[in-house]
Amino acid sequence: MKALVDHVVRGLVQHPDEIRINTVEGEASILLELSVAPSDLARVKGPEGETLRAIRAVLSAAAGRRKAVLELVEPSGGDEE
């Protein structure tokens, strides 16, 4: 799952070296926390979150019976956008 998300996101961003994916696996689910460069957040989200929803749909289809959850972790640095 991690490799799938990495592959898809790598094609979207301008700073692929800053992609970080943290995986937490449970028995029936898998949580992936994705962080990218602050300047790439809008590229990953897409207009009105459409791109992020599409990535989540692909991930869910690939997960099969397991529940896959993708969270986009935004930086918490004061005045950065």
Side-chain angles (χ1 to χ4, degrees):
M1 294 296 151
K2 183 177 179 178
L4 173 63
V5 172
D6 183 70
H7 180 73
V8 171
V9 172
R10 197 166 285 278
L12 295 172
V13 298
Q14 290 182 333
H15 306 284
D17 53 316
E18 294 189 38
I19 295 172
R20 302 285 180 263
I21 302 170
N22 183 32
T23 306
V24 180
E25 293 197 40
E27 280 186 38
S29 64
I30 181 168
L31 169 67
L32 292 106
E33 297 173 330
L34 170 66
S35 62
V36 296
S39 60
D40 287 328
L41 279 174
R43 290 175 163 272
V44 174
K45 285 183 183 177
E48 298 182 18
E50 291 176 12
T51 305
L52 188 56
R53 274 195 298 275
I55 295 169
R56 287 176 173 149
V58 169
L59 183 63
S60 291
R65 292 184 173 202
R66 295 176 84 183
K67 179 179 180 183
V69 178
L70 176 65
E71 292 295 328
L72 182 60
V73 179
E74 297 187 29
S76 58
D79 56 346
E80 288 185 33
E81 292 185 9

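When a residue number appears, it is its place in the shown sequence, counting from 1.
- Between Leu41 and Val36 the shortest side-chain heavy-atom distance falls below 4.5 Å.
- Listed here is the closest heavy atom pair of Ala68 and Ser60: O-OG, 4.0 Å.
- Here CD1 of Ile30 is found 13.0 Å from NZ of Lys67. Values are rounded to the nearest 0.5 Å.
- Within the structure, salt bridge (Lys or Arg N to Asp or Glu O under 4.0 Å) pairs that include any residue of residues 35-45 comprise Lys45-Glu74 (at least two apart or interchain).
- Within the 4.5 Å cutoff, side-chain heavy atoms of Ile55 are placed close to those of Leu12.
- Under the 4.5 Å side-chain heavy-atom criterion for ILVMFWY residues, no single connected hydrophobic cluster contains both Val24 and Met1.
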>> Apply side chain to side chain contact (heavy atoms under 4.5 Å, CB included) to residues Leu34 and Ile19 and explain how you reach the verdict.
In response: CA-CA 7 Å; Leu34 170 66; Ile19 295 172; 4.0 Å; yes

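- Residue pairs satisfying the salt bridge (Lys or Arg N to Asp or Glu O under 4.0 Å) criterion with at least one member in residues 1-22, sequence neighbours excluded, are listed as follows: Asp6-Arg10.
- For Glu33, the side-chain hydrogen bond (donor to acceptor under 3.5 Å, both in side chains) test picks out Asn22, with sequence neighbours left out.
- Distance check: Ser39 OG to Gln14 CD gives 6.5 Å after rounding to the nearest 0.5 Å.
- Partners of Leu4 by side-chain contact (heavy atoms from CB on, under 4.5 Å), not counting sequence neighbours, listed by chain and number: Val8, Val58, Leu59, Ala62.
- Glu50 is linked by a side-chain contact (heavy atoms from CB on, under 4.5 Å) to Pro47, Arg53, counting only residues two or more places apart in sequence or in another chain.
- Glu25 pairs by the salt bridge (Lys or Arg N to Asp or Glu O under 4.0 Å) definition with Arg66, not counting sequence neighbours.
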